[in-house]
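What you see is a predicted model, and the numbers here were worked out from it, not measured in a lab.
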There are 2 protein chains.
Amino acid sequence: MALPSGLLGALDPTSDRAVFRQIADQIREAIDKGRFKEGAKLPSEAELVEHFGVSRMTVRNSISQLQGEGLVSSEHGKGVFVRPRPPVRRLASDRFARRHREQGKAAFTVEAEAAGSRPEVDSLEVKEERASQDISARLGSVRKVLSRRRRYLLDGRPVEFATSYLPLDLARGTQIAEPNPGPGGIYARLEELGRHLDHFDEEVQARMPSQEETKTLRLAAGVPVIHLVRTAYDSEGRAVEVCDTVMAADAYVLAYQLPAN
Amino acid sequence: MALPSGLLGALDPTSDRAVFRQIADQIREAIDKGRFKEGAKLPSEAELVEHFGVSRMTVRNSISQLQGEGLVSSEHGKGVFVRPRPPVRRLASDRFARRHREQGKAAFTVEAEAAGSRPEVDSLEVKEERASQDISARLGSVRKVLSRRRRYLLDGRPVEFATSYLPLDLARGTQIAEPNPGPGGIYARLEELGRHLDHFDEEVQARMPSQEETKTLRLAAGVPVIHLVRTAYDSEGRAVEVCDTVMAADAYVLAYQLPAN
DNA sequence: GACGCCTAGTCGTCTAGATGAGTTCCACCA
DNA sequence: TGGTGGAACTCATCTAGACGACTAGGCGTC
């Protein structure tokens with residue numbers, strides 16, 4: 001039952017700092033210093049109670065603190081574990097370049113397989129609907145849109161879900177309205193429709209997930225999401241697609257290249 | 001003491017869902033539906049205890065749930081409030097374009113004043129130090145660097161802090177090593193030194209803040225940070241600066257433009 | 001009017017205990 | 001051999017109460 005000595009220190013009873021914060025500090029430091037490795041099990045609540053001589057609620061308070069920081073996650077009946085850092089997927093700013101599209105495969109699939117992961121696309125849903133105010137504004141006062149909703153998984157883990165919106169009069173009746181848009185994806189189809197793509201605008205924000213997002217992406221406590229809204233413009237400056245994406249922040253790093261002039 | 005009726009519903013005792021989650025759901029829904037507006041005070045813990053007929057710890061558990069989601073923040077002695085959404089600063093991908101630099105003022109200052117905010121720069125610290133492994137790799141195997149550390153505030157609120165690293169043999173003895181690098185900032189000085197800037201690489205990640213970041217940025221619970229690492233390259237492809245930035249995620253939206261070819 | 005004190009209301013921290021539920025493993029029995 | 005039941009351990013939820021500390025407003029004193 002007793003804790004291996006040296007793993008965790010003692011409390012400072014003279015400190016102003018709340019006891020549960022001191023305990024969280026101790027555990028955090030032990031993780032930082034590698035005394036608890038990624039994926040390792042923390043001492044059980046009972047062991048921590050004994051070690052620090054406090055009540056169980058205080059220990060739980062400490063752990064819930066660390067959970068909120070995304071450092072640990074608890075599993076009912078098993079224990080509390082140092083949260084492993086999943087491999088991140090790097091999204092380069094040229095990922096929608098035409099030269100990649102011409103290969104004919106979806107960007108997500110190609111990239112994932114190159115990284116040795118098993119990609120999946122999920123819950124595909126294609127609908128015709130009224131544009132929300134925001135989408136309408138981004139598409140240039142379009143009323144009705146075709147929406148394409150899907151979820152992406154890597155090795156069975158959901159990492160991202162996205163909804164594309166296209167003006168209905170552009171997409172209706174084309175392969176874009178089919179579940180499978182064909183080789184090169186909807187951007188290839190848009191170009192075949194004579195909409196030569198010129199550039200994309202991306203807006204990036206980070207925030208904590210909603211309840212629904214937590215569920216859809218199976219997020220652990222303390223994992224934010226990246227919310228990315230991309231608008232595609234054709235060579236005449238018309239917006240042809242808006243893609244609204246929510247990503248598990250611990251699975252991604254976004255890379256952009258900016259010109260200096 | 002009693003709660004205005006209609007604000008919050010009742011619990012479902014037959015539900016599997018934990019009581020504290022049901023209470024959090026009720027409050028979340030009330031916020032979503034606008035029954036509690038931004039900045040409004042939630043019912044006190046005592047009122048919620050009475051309304052739902054549960055113990056105080058259960059109510060506190062609900063509230064701490066909502067805090068973790070970034071929905072509310074509590075103020076000791078005052079109450080729990082719906083977290084107001086602060087105005088966000090939009091960072092455009094051309095913010096380092098030469099044409100802006102030539103105005104002579106710092107980008108942060110110009111932008112903030114244009115938006116009607118009061119900008120401040122803080123805790124400026126210039127040091128010579130050994131490069132960390134990561135910084136060294138990004139700068140191309142540079143051992144010693146000049147580091148410039150500073151914090152940015154808008155209307156007194158810290159929103160971002162950043163550290164720039166430059167190869168020491170490039171920056172030493174120049175105005176870059178001075179606290180005030182002069183008009184146009186260090187990028188202008190680099191160009192005067194013959195390092196014509198070609199492009200920047202930016203890497204964006206989001207995560208929960210460390211203890212220190214929470215303190216430096218005075219972050220509320222449930223606010224993630226955006227971690228941005230920018231590398232500046234000159235026209236000969238040499239990395240001349242790495243800037244490591246941590247931003248309060250609720251204060252920013254990043255905007256990028258990507259070419260389609 | 002300015003200041004300080006007091007008080008009621010608020011959240012923060014901590015204790016001690018009860019019950020529930022998921023996981024693991026092993027001894028026992030068929 | 002193989003399955004089953006249970007013990008022991010884990011975290012999850014909830015209760016009831018105590019004390020501390022911060023805030024705001026009222027009130028009296030100077």
Side-chain angles (χ1 to χ4, degrees), chain A residues 1-3 10-27 36 39-68 71-83 214 218 220-222, chain B residues 1-3 10-27 36 39-68 71-83 214 218 220-222:
Chain A
M1 189 71 163
L3 225 53
L11 302 178
D12 174 5
T14 69
S15 167
D16 285 353
R17 195 158 173 79
V19 171
F20 81 89
R21 287 185 204 286
Q22 291 188 50
I23 296 177
D25 292 346
Q26 296 272 351
I27 299 174
F36 296 120
K41 183 177 170 305
L42 253 47
S44 75
E45 291 179 357
E47 286 170 323
L48 292 170
V49 161
E50 195 197 348
H51 179 81
F52 289 111
V54 298
S55 85
R56 181 155 166 255
M57 286 307 289
T58 303
V59 162
R60 280 185 60 77
N61 205 347
S62 313
I63 289 172
S64 112
Q65 187 79 12
L66 296 171
Q67 267 192 78
L71 274 181
V72 306
S73 67
S74 62
E75 295 178 40
H76 194 165
K78 297 210 262 186
V80 179
F81 300 85
V82 180
R83 206 149 71 70
T214 300
R218 276 188 245 137
Chain B
M1 191 67 163
L3 224 51
L11 301 179
D12 173 5
T14 70
S15 167
D16 286 353
R17 196 158 172 77
V19 172
F20 81 90
R21 287 186 204 284
Q22 291 188 50
I23 296 178
D25 291 346
Q26 295 273 350
I27 298 175
F36 296 119
K41 185 178 168 302
L42 253 47
S44 75
E45 293 179 353
E47 287 169 324
L48 292 170
V49 161
E50 195 197 346
H51 178 81
F52 289 110
V54 298
S55 84
R56 180 160 167 246
M57 288 307 288
T58 302
V59 162
R60 282 184 60 75
N61 204 349
S62 315
I63 290 171
S64 111
Q65 187 80 9
L66 296 170
Q67 268 191 78
L71 274 182
V72 306
S73 67
S74 61
E75 296 178 39
H76 194 168
K78 297 209 265 189
V80 179
F81 300 85
V82 180
R83 207 151 69 70
T214 300
R218 275 188 244 137

Please assess B:L71 against B:I27 for the test side-chain contact (heavy atoms from CB on, under 4.5 Å), listing each intermediate value before the final yes or no. CA-CA 10 Å; B:L71 274 182; B:I27 298 175; over 6 Å; no

Nearest-Å distance for atom pair CD/C1', residues B:E75 and C:dC11: 11 Å

With sequence neighbours left out, what residues match A:E45 under side chain to side chain donor-acceptor pair (under 3.5 Å)? A:R56, A:R60

Sorted by number, residues from residues 56-65 of chain B placing a heavy atom under 4.0 Å from DNA chain D are B:R56, B:M57, B:T58

Could you pull out the protein-nucleic contacts involving nucleotides 4-9 of chain C (nitrogen or oxygen on both sides, under 3.5 Å)?
unit_1, atom_1, unit_2, atom_2, d
C:dG9, N2, B:G77, O, 3.1

Could you give the CD-to-C1' distance, from B:E47 to C:dC11, as a whole number of Å? 13 Å

Rounded to the nearest Å, what distance is computed from the CG atom of residue A:L42 to the C1' atom of nucleotide D:dC9? 16 Å

Return the set of residues passing side-chain contact (heavy atoms from CB on, under 4.5 Å) with A:S64 (not counting sequence neighbours), or none when no residue passes. A:N61

Give the rounded distance in Å between these two atoms: CZ of A:F52 and C1' of C:dT15. 17 Å

Residues in salt bridge (charged side-chain N to carboxylate O under 4.0 Å, His left out) contact with B:R17, at least two apart in sequence or another chain: B:D25

Would you mind reporting whether B:V80 and B:L66 have side-chain heavy atoms less than 4.5 Å apart? no

Under 4.0 Å from any atom of DNA chain C, heavy atoms only: list the residues of residues 12-22 of chain B that qualify, in numerical order. none

Mind checking salt bridge (charged side-chain N to carboxylate O under 4.0 Å, His left out) for B:R218 and listing every partner two or more places apart, or none if nothing turns up? none

State, with a plain yes or no, whether a side-chain heavy atom of A:Q67 is found less than 4.5 Å away from one of A:V72. yes

Rounding to an integer number of Å, can you tell me how far B:L11 CG sits from D:dC14 C1'? 13 Å

Taking side-chain contact (heavy atoms from CB on, under 4.5 Å) as the test, write out the residues that go with A:Q26, two or more places apart. A:L8, A:F52

Qualifying residues under side-chain contact (heavy atoms from CB on, under 4.5 Å), relative to A:D12, sequence neighbours excluded: A:T14, A:S15, A:Q22

If I take atom CD in residue B:E45 and atom C1' in nucleotide D:dG20, what distance separates them, rounded to the nearest angstrom? 14 Å

To the nearest Å, how far apart are B:Q67 CD and C:dG12 P? 7 Å

B:S55 side chain N/O closer than 4.0 Å to the phosphate oxygens (OP1, OP2) of D:dG17? no

Would you please name every residue forming a side-chain contact (heavy atoms from CB on, under 4.5 Å) with B:V19, sequence neighbours left out? B:L11, B:I23, B:V54, B:T58

Identify, with sequence neighbours excluded, every residue that meets salt bridge (charged side-chain N to carboxylate O under 4.0 Å, His left out) alongside B:K78. B:E75

